[in-house]
Amino acid sequence: MGIDTIAEIFTFIRNANMDGKRVVKIPATNITEKVLQLLLREGFLENVRKHQENGKSFLVLTLRHRKIKKGPFKNILNLKQISRPGLRIYSKSKKIPRILGGIGIVILSTSHGILTDREARLEGIGGEILCYIW
């Protein structure tokens with residue numbers, strides 16, 4: 001993986017979605033694991049499991065799809081990266097944005113670890129806004 005692991009996660013997922021694939025294999029890092037566990041817990045992914053191959057760790061994701069009338073399966077996961085290596089975006093706990101009136105989630109990197117916007121508001125802490133997911 002390169003410098004921006006969050007962007008690479010999103011690229012892997014978007015490419016799999018455009019290709020119509022249901023399973024994605026991503027190189028495992030600590031931040032990747034934590035972000036994907038949040039997505040799994042919030043119901044945006046069906047399954048995440050760790051897999052080792054030739055001494056390297058990978059995370060295997062199963063994407064959640066839905067059937068559209070008279071059409072192909074579509075991924076219901078929309079991702080938007082906010083902070084990037086060249087421009088970090090921070091927010092106080094009172095000013096964390098709400099995505100689609102609370103339907104989507106914001107993932108933050110805080111002093112208490114990687115949290116969703118709801119968890120950060122409950123704990124009263126702000127941090128770096130990593131991404132929006134809806």
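As a basis for the values below, the full set of heavy atoms in this structure was taken, side chains included, without hydrogen atoms, waters or symmetry mates.
The CG atom of Leu61 sits 11.5 Å away from the CD atom of Glu46 when rounded to the nearest 0.5 Å. Rounding to the nearest 0.5 angstrom, the gap separating the CD atom in Glu8 from the OG1 atom in Thr32 is 8.5 Å. Atom CD1 of residue Ile13 and atom CG of residue Leu79 lie 5.5 Å apart, to the nearest 0.5 angstrom. Between the CZ atom of Arg64 and the CG atom of Asn47 there is a distance of 10.0 Å, given to the nearest 0.5 Å. Here the OG1 atom belonging to Thr29 is positioned 6.0 Å from the CD1 atom belonging to Ile9, to the nearest 0.5 angstrom. Once rounded to the nearest 0.5 Å, the distance linking CG of Leu59 with CD1 of Ile26 reads 7.0 Å.
Checking side-chain atoms of Arg84 against main-chain N and O of Ala7 turns up no donor-acceptor pair under 3.5 Å. Between the side chain of Ser83 and the backbone N or O of Ile129 there is at least one donor-acceptor pair closer than 3.5 Å. Remark: the backbone N or O of Gly102 is paired with a side-chain donor or acceptor of Arg118 at under 3.5 angstrom.
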Fill in: Derivation and outcome, side-chain contact (heavy atoms from CB on, under 4.5 Å), residues Leu115 and Ile125
CA-CA 10 Å; Leu115 304 174; Ile125 55 175; 3.8 Å; yes
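Phe10 is not connected to Val60 by any chain of hydrophobic side-chain contacts under 4.5 Å among Ile, Leu, Val, Met, Phe, Trp and Tyr, and they are in different clusters. Under a hydrophobic clustering in which Ile, Leu, Val, Met, Phe, Trp and Tyr are joined whenever their side-chain heavy atoms come within less than 4.5 Å, directly or via other members, Val24 and Met18 fall into different clusters. Ile114 and Tyr90 fall into different hydrophobic clusters, where Ile, Leu, Val, Met, Phe, Trp and Tyr residues are linked whenever their side-chain heavy atoms come under 4.5 Å apart, directly or through other members. Cluster annotation: Leu40 is not connected to Val23 through the hydrophobic network of ILVMFWY side chains, with a link wherever side-chain heavy atoms come within less than 4.5 Å. Hydrophobic clustering (ILVMFWY, side-chain heavy atoms < 4.5 Å, transitive): Leu87 and Ile96 are in one cluster.
Shown here for Phe44 and Trp134, the closest heavy-atom pair between the two residues is CE2-C, 4.0 Å. The minimum heavy-atom distance linking Ile3 with Pro85 is given by the pair CG2-CG, 4.0 Å. Contact record, Leu36 with Val48: O-CG2, 4.1 Å, taken as the closest heavy-atom pair. Ala120 and Leu108 get closest at one heavy-atom pair: CB-CD1, 3.9 Å. Shortest non-hydrogen contact noted between Thr116 and Glu119 is N-OE1, 3.1 Å. The two atoms that bring Ala28 and Lys50 nearest to each other are CB-CE, 4.3 Å, heavy atoms only.
A cation-pi geometry, defined here as NZ or CZ lying under 6.0 Å from the six-membered ring centre and within 45° of its normal, does not hold between Lys80 and Tyr132.
Using a 4.5 Å heavy-atom cutoff, the side chains of Ser93 and Arg121 are not in contact. Side-chain contact between Gln81 and Asp4 is present, with heavy atoms from C-beta onward closer than 4.5 Å. Thr62 places none of its side-chain heavy atoms less than 4.5 Å from the side chain of Leu45. Between Ile107 and Ile6, every side-chain heavy-atom pair lies at or beyond the 4.5 Å cut-off.
Around CZ of Arg88, the count of heavy atoms belonging to other residues, nucleotides or ligands within 6.0 Å exceeds 12.
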